[in-house]
There are 2 protein chains.
Amino acid sequence: MAKKTHRIERRTDALSRERIVAAAIEILDSGGEGALTVRALAAHLATGSGAIYWHVADKGELLAAATDEVIARVMSEVAGGTKPREAIRAVALGLFDAIDVHPWVGTQLFREPWRPAMLEIIESVGGRLQALGVPHAAQFDSASALVHYILGVAGQNAANARVHAPDTDRSAFLTSVAAQWDALDPAKYPFVRQMATQLRDHDDRAQFLAGIDLILAGIGTVRSGGADEPPDAAPISI
Amino acid sequence: MAKKTHRIERRTDALSRERIVAAAIEILDSGGEGALTVRALAAHLATGSGAIYWHVADKGELLAAATDEVIARVMSEVAGGTKPREAIRAVALGLFDAIDVHPWVGTQLFREPWRPAMLEIIESVGGRLQALGVPHAAQFDSASALVHYILGVAGQNAANARVHAPDTDRSAFLTSVAAQWDALDPAKYPFVRQMATQLRDHDDRAQFLAGIDLILAGIGTVRSGGADEPPDAAPISI
DNA sequence: ATAGTATTGGAACGTCGTTCCAGTCCTGTC
DNA sequence: GACAGGACTGGAACGACGTTCCAATACTAT
């Protein structure tokens with residue numbers, strides 16, 4: 001009836017917001033945050049900068065869209081039907097691994113807190129906390145603690161990826177930082193020096209998970225301390 | 001004896017690394033991270049860019065030096081002789097307040113982990129954890145969890161300061177974000193929507209401290225779980 | 001076929017970090 | 001008190017960036 005032919009595709013290689021975001025993710029993954037320039041993106045897509053700006057407002061929106069896309073992909077993958085506690089660990093590990101592959105995401109997560117990426121993380125963690133039986137009064141603080149911890153690790157991993165060459169592996173990087181820690185003044189930095197050895201041999205991923213468990217244990221003390229729910233007996237399990 | 005007159009001062013308004021870093025902090029505090037350009041800095045100091053680059057390698061070093069300076073100031077202020085647990089809370093709150101005043105520090109902390117700023121934070125938190133009686137095997141993971149949580153909050157606060165105009169107060173900002181959360185699809189974001197009200201009325205600082213307490217509580221379960229130390233009876237108190 | 005809109009590619013603008021360099025200041029030596 | 005030489009300064013200039021502008025082209029509806 002009406003005349004709305006509803007966007008017939010132009011030609012197969014036509015530019016689109018999706019294609020631009022996908023190309024941006026490719027560049028970010030292979031060259032890091034510094035490699036994503038509008039010129040590089042235009043070259044990658046064999047077009048000009050004007051064409052890109054017709055589909056995307058500015059570089060910030062591009063980075064935000066790329067981040068949302070990566071996070072949304074992670075969150076849909078870790079859906080799982082396990083117990084709440086395991087689900088929280090799975091979500092956290094999924095985020096850790098995603099940022100390991102796309103370090104730039106760790107930086108971008110610190111953007112506007114109402115962006116889809118951030119909302120999905122809060123919802124995913126918070127929803128599982130409810131399922132765990134955390135009393136209502138403690139839910140906000142508990143979710144905040146978990147999410148901020150995850151953000152902190154994410155940002156740190158992104159920074160680490162930024163500072164060392166993309167080809168050097170993690171163990172070589174840790175060894176060099178550990179050596180710097182070990183060379184510190186023992187009078188000024190006794191604790192850091194003691195940790196140097198453990199730093200060299202430690203596993204980032206396992207330590208991240210240990211932090212999650214530590215926070216969950218802390219949340220557990222709140223729950224058993226003053227709540228009326230029986231431990232581990234929440235009816236819902238997402 | 002020797003001819004080393006050891007740097008007699010030039011004239012009172014002479015440029016120096018310290019004066020440049022101090023000017024950079026002023027600009028960062030008043031105008032945010034985007035306001036610090038080499039040209040603005042040169043104008044502020046009534047000189048040219050070449051003169052600045054004679055004292056400072058590049059902008060990165062300048063930001064790192066400014067961050068180290070602010071953090072060192074905080075750490076010396078919160079020294080305190082209280083009990084370890086209170087000392088950790090004091091250090092954390094000191095960092096929170098410093099980043100509240102200098103939001104750009106929250107971004108810069110995610111730099112090289114061997115910079116003085118980061119080392120001082122790790123040492124300060126870790127040393128107090130030892131004093132608390134945390135068993136050696138758990139010290140590294142515990143310090144890591146606390147520091148990463150602090151970093152996460154710092155980064156988030158820095159991002160918030162970046163996004164809203166410097167004159168709008170925190171409560172107005174929270175209200176606007178809470179409104180966005182409240183307008184979300186209840187089917188997709190049930191938890192976030194429930195938290196919208198609490199977000200509007202919550203106190204960032206108190207919630208930050210609640211997170212610290214949660215992690216400390218988690219660390220406490222490790223200590224009492226497998227260690228031989230009696231609770232709260234560590235002999236040393238920094 | 002033609003008019004009108006959607007989309008494109010690339011030139012051009014202003015700003016940034018950084019480098020370069022001619023000049024100036026200051027100090028130590030005679 | 002002249003002067004050589006290093007310390008230090010100020011600003012012009014360079015290349016790269018994000019963004020805007022616009023003539024040219026591709027496509028759609030009539």
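By convention in this document, chain letters (A, B, ...) are assigned in the order of the sequence lines, proteins followed by strands, and residues within each chain are numbered from 1.
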**OP:** Identify, between B/A51 and A/A51, the residue whose nearest nucleotide on DNA chain D lies closer to the 5' end.
**Re:** B/A51

Original post:
Contact class for B/L36 (heavy atom, under 4.0 Å): base, sugar-phosphate, or nothing?
Top reply: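 Sugar-phosphate contact only - B/L36 comes under 4.0 Å of backbone atoms but never of a base.
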
**OP:** Would you mind classifying the nucleic acid contact of B/A43 as base, sugar-phosphate or nothing, using non-hydrogen atoms under 4.0 angstrom?
**Re:**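 No contact at all - B/A43 keeps every heavy atom at 4.0 Å or more from the nucleic acid.
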
Nearest-angstrom distance from the residue atom [atom1] of [X] to [atom2] of [N]:
X     : N      : atom1 : atom2 : result
A/I20 : C/dT7  : CD1   : P     : 11 Å
A/H55 : C/dA6  : NE2   : P     : 13 Å
A/L41 : D/dA16 : CG    : P     : 18 Å
A/I52 : D/dC21 : CD1   : P     : 18 Å
A/E33 : D/dC17 : CD    : P     : 15 Å
B/Y53 : D/dC8  : OH    : P     : 19 Å
B/R39 : C/dG14 : CZ    : P     : 14 Å
A/R17 : C/dT7  : CZ    : C1'   : 17 Å

Subject >> Qualifying residue, where the test is salt bridge (charged side-chain N to carboxylate O under 4.0 Å, His left out) with B/D68 and the options are B/R115, B/R73, B/R111 >> reply: B/R115

Taking the side chain from [X] and the backbone from [Y], do they hold a donor-acceptor pair closer than 3.5 Å?
X      : Y      : value
B/E123 : A/V192 : yes
A/E120 : A/P116 : no
A/R128 : A/I88  : no
B/T175 : B/S171 : yes

Original post:
When you match A/G50 and A/W54 each to their closest nucleotide on DNA chain C, which lands nearer the 5' end?
Top reply: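 Of the two residues, A/W54 wins.
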
Original post:
So B/H148 and A/Y149, would you call those rings parallel, tilted or perpendicular, with 30° and 60° as cut-offs?
Top reply: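 Ring orientation, 0 to 90° scale: perpendicular.
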
**OP:** Establish, yes or no, whether a centroid distance under 6.0 Å links the rings of B/F96 and B/F208.
**Re:**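 Aromatic pair counts; centres sit under 6.0 Å.
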
Original post:
Taking the side chain of B/L15 as heavy atoms from C-beta outward, which of C/dA11, D/dG18, D/dT9 is closest to it?
Top reply: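 Looking only at heavy atoms from C-beta outward on B/L15, the closest nucleotide is D/dT9.
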
**OP:** Pull out every residue in residues 56-69 of chain B that has a heavy atom closer than 4.0 Å to any atom of DNA chain C, ordered by number, or say none.
**Re:** B/D58, B/K59

